[in-house]
Chemist: 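Supplied in structure tokens, the structure appears directly below.
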Amino acid sequence: MVDPNRLLLGVNIDHIATLRQARGTRYPDPVHGALLAEEAGADGITVHLREDRRHIQERDVRVLAEVLNTRMNLEMAVTEEMLAFAEEIRPAHVCLVPEKREELTTEGGLDVSGHFDEVAAACRRLSAAGSEVSLFIDPEPSQIEAAARCQAPVIELHTGAYADAETPDRQRAELERLKLAARRARELGLIVNAGHGLHYHNVEAVAEIPELHELNIGHALIAHALFVGIKQAVVEMRDLMDRAQQRVQAQRDAVRR
Ligand SMILES: CC(=O)[C@@H](O)[C@H](O)COP(=O)(O)O
Ligand SMILES: NCC(=O)COP(=O)(O)O
């Protein structure tokens, strides 16, 4: 039986679409990648439908909504166009993210406290459409508290600062911020996910944070898949996450003895 406390893996397939868009071809199809990722053990599929449509297209989201066996997590900006699209598709999960057209990737978390009314209204609309809403935020107490006040049931902590840390000290400090943030969010009753920039060499310390529910991982996993295949790339990531959780459990058991 699958452990109900197992840390879940959401596989972000955006960068399969990046390769397709580079040539304007029909291949590689992110939908194909999503189905293989599910077969290999992904617990969900994440797609970010960017305003500039640089990778995932509306067609991808529509087809995924029809064929996924797990669940879709649609990442999107808080715009009228995207809200109307999500209300039509009604994905299982919608993650609200900040977006800048000129950015290389999502540089930081959503400023929930600074745009409280707009984000709270989006949460209400999406919940009414039947989607579970999550807010992609930096591991900052003020943002976590604002997310709880918005009545979003889920947050996703942006792990980019941890992943990009250039020194071990900086990385330890960023990991500590993530741990404190996860603890605070759980105290407030939020479900806590995390993601961005996670890689095979930095995922384990994050996977050891006991309050986390799901990690969303894309770029590094799809890059690895180029060489080992997507199923193997998912299995390897899953193994690292499982082993990290088993270590935490073994430490807990040792303390109890
Ligand atoms: C919100 C987030 O962290 C991911 O969706 C990530 O943005 C992957 O896509 P990009 O590389 O386009 O940012
Ligand atoms: N929300 C984070 C995500 O979906 C994956 O981000 P990345 O692993 O592509 O950086």
Side-chain angles (χ1 to χ4, degrees), residues 7-22 30 33-34 37 42-57 60-61 64 70-79 82 86 91-112 119 132-139 143 147 152 154-165 174 178 181-182 191-204 206-207 212-226 230 233-234 236-238 240-241:
L7 181 61
L8 304 181
L9 171 60
V11 173
N12 181 319
I13 55 168
D14 291 351
H15 297 297
I16 301 178
T18 301
L19 192 55
R20 177 190 61 191
Q21 297 310 112
D43 298 291
I45 299 297
T46 293
V47 284
H48 184 173
L49 183 63
R50 279 185 173 272
E51 202 184 0
D52 63 13
R53 305 293 193 265
R54 66 175 76 161
H55 40 54
I56 293 294
Q57 306 296 306
D60 302 326
V61 180
L64 287 167
T70 56
R71 55 200 164 75
M72 182 181 356
N73 175 34
L74 175 62
E75 296 181 330
M76 55 176 244
V78 188
T79 63
M82 286 309 309
H93 308 273
V94 173
C95 182
L96 297 176
V97 306
E99 230 179 79
K100 284 196 224 130
R101 269 185 187 248
E102 66 280 12
E103 71 190 351
L104 200 56
T105 182
T106 313
E107 288 165 352
L110 191 65
D111 180 9
V112 182
V119 176
E132 184 181 68
V133 186
S134 112
L135 301 177
F136 189 56
I137 57 175
D138 288 324
Q143 296 297 341
V154 187
I155 57 167
E156 178 170 327
L157 296 172
H158 191 310
T159 50
Y162 160 80
D164 294 342
E174 291 299 339
L178 289 167
I191 295 169
V192 192
N193 299 337
H196 197 88
L198 294 178
H199 209 299
Y200 294 85
H201 58 74
N202 64 21
V203 71
E204 286 174 85
V206 174
L212 293 182
H213 173 72
E214 176 171 277
L215 299 183
N216 282 306
I217 306 182
H219 189 266
L221 193 152
I222 299 303
H224 191 47
L226 285 176
I230 191 158
V234 171
E236 287 181 32
M237 191 58 83
R238 218 4 321 151
L240 290 172
M241 288 165 57

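Counting starts at 1 for both ligands and their atoms, in listed order. Just so you know, these numbers come straight off a predicted model, no measurement behind them. Position 1 is the first residue of the sequence; numbering continues from there.
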Chemist: Mind listing the N or O contacts between ligand 2 and protein, cut-off under 3.5 Å?
Modeler:
residue: ligand 2; atom: 1 (N); partner: Glu75; partner atom: OE2; Å: 2.6
residue: ligand 2; atom: 1 (N); partner: Glu156; partner atom: OE2; Å: 2.5
residue: ligand 2; atom: 4 (O); partner: Asn12; partner atom: ND2; Å: 2.8
residue: ligand 2; atom: 4 (O); partner: Glu75; partner atom: OE2; Å: 3.2
residue: ligand 2; atom: 8 (O); partner: Gly218; partner atom: N; Å: 2.8
residue: ligand 2; atom: 8 (O); partner: His219; partner atom: N; Å: 3.4
residue: ligand 2; atom: 9 (O); partner: His219; partner atom: N; Å: 2.9
residue: ligand 2; atom: 10 (O); partner: Gly197; partner atom: N; Å: 2.8

Chemist: Is the side chain of Tyr162 donor-acceptor paired with the backbone N or O of Asn202 at a distance under 3.5 Å, no angle test?
Modeler: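 Present.
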
Chemist: I'd like to check Asn73 versus Asn216 (side-chain heavy atoms, cut-off strictly below 4.5 Å). Are they in contact?
Modeler: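 Sidechains of Asn216 and Asn73: in contact.
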
Chemist: At their closest point, which heavy atom of Gly10 faces which heavy atom of Glu214, and how far apart are they?
Modeler: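 Answer, listing the atom of Gly10 first, then Glu214: N-CG, 4.0 Å.
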
Chemist: At less than 4.0 angstrom from any atom of ligand 1, which residues have a non-hydrogen atom? List them by chain and residue number.
Modeler: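 Within the 4.0 Å shell of ligand 1, which is judged on heavy atoms, sit Asn12, Asp14, His15, His48, Arg50, His55, Glu75, Val97, Thr105, Thr106, Phe136, His196.
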
Chemist: Looking at Arg54 and Glu103, does any basic side-chain N land under 4.0 Å from a carboxylate oxygen?
Modeler: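 Result for this pair is no, no salt bridge flagged.
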
Chemist: Under a 3.5 Å cutoff, is there a donor and acceptor pairing between the side chains of Asn12 and Thr46?
Modeler: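 Per modelled atom types, Asn12 and Thr46 side chains form no pair under 3.5 Å.
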
Chemist: Identify the heavy atoms of Leu198 and Ala220 that sit nearest to each other, and give their distance.
Modeler: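 Looking at all heavy atoms of both residues, the closest pair is O-CB, 3.4 Å.
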
Chemist: Classify the side-chain pair Glu99/His48 by whether it contains a donor and acceptor separated by less than 3.5 Å.
Modeler: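 Looking only at side-chain atoms, His48 and Glu99 do form a donor-acceptor pair, the distance falling under 3.5 Å.
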
Chemist: Specify the closest pair of heavy atoms between Leu7 and Asp43, including all atoms of both residues, with the distance to one decimal.
Modeler: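 The pair with the smallest heavy-atom distance is O-OD2, 4.5 Å.
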
Chemist: Are the side chain of Gln57 and the backbone of His55 linked by a donor-acceptor contact shorter than 3.5 Å?
Modeler: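 Yes; at least one donor-acceptor contact below 3.5 Å.
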
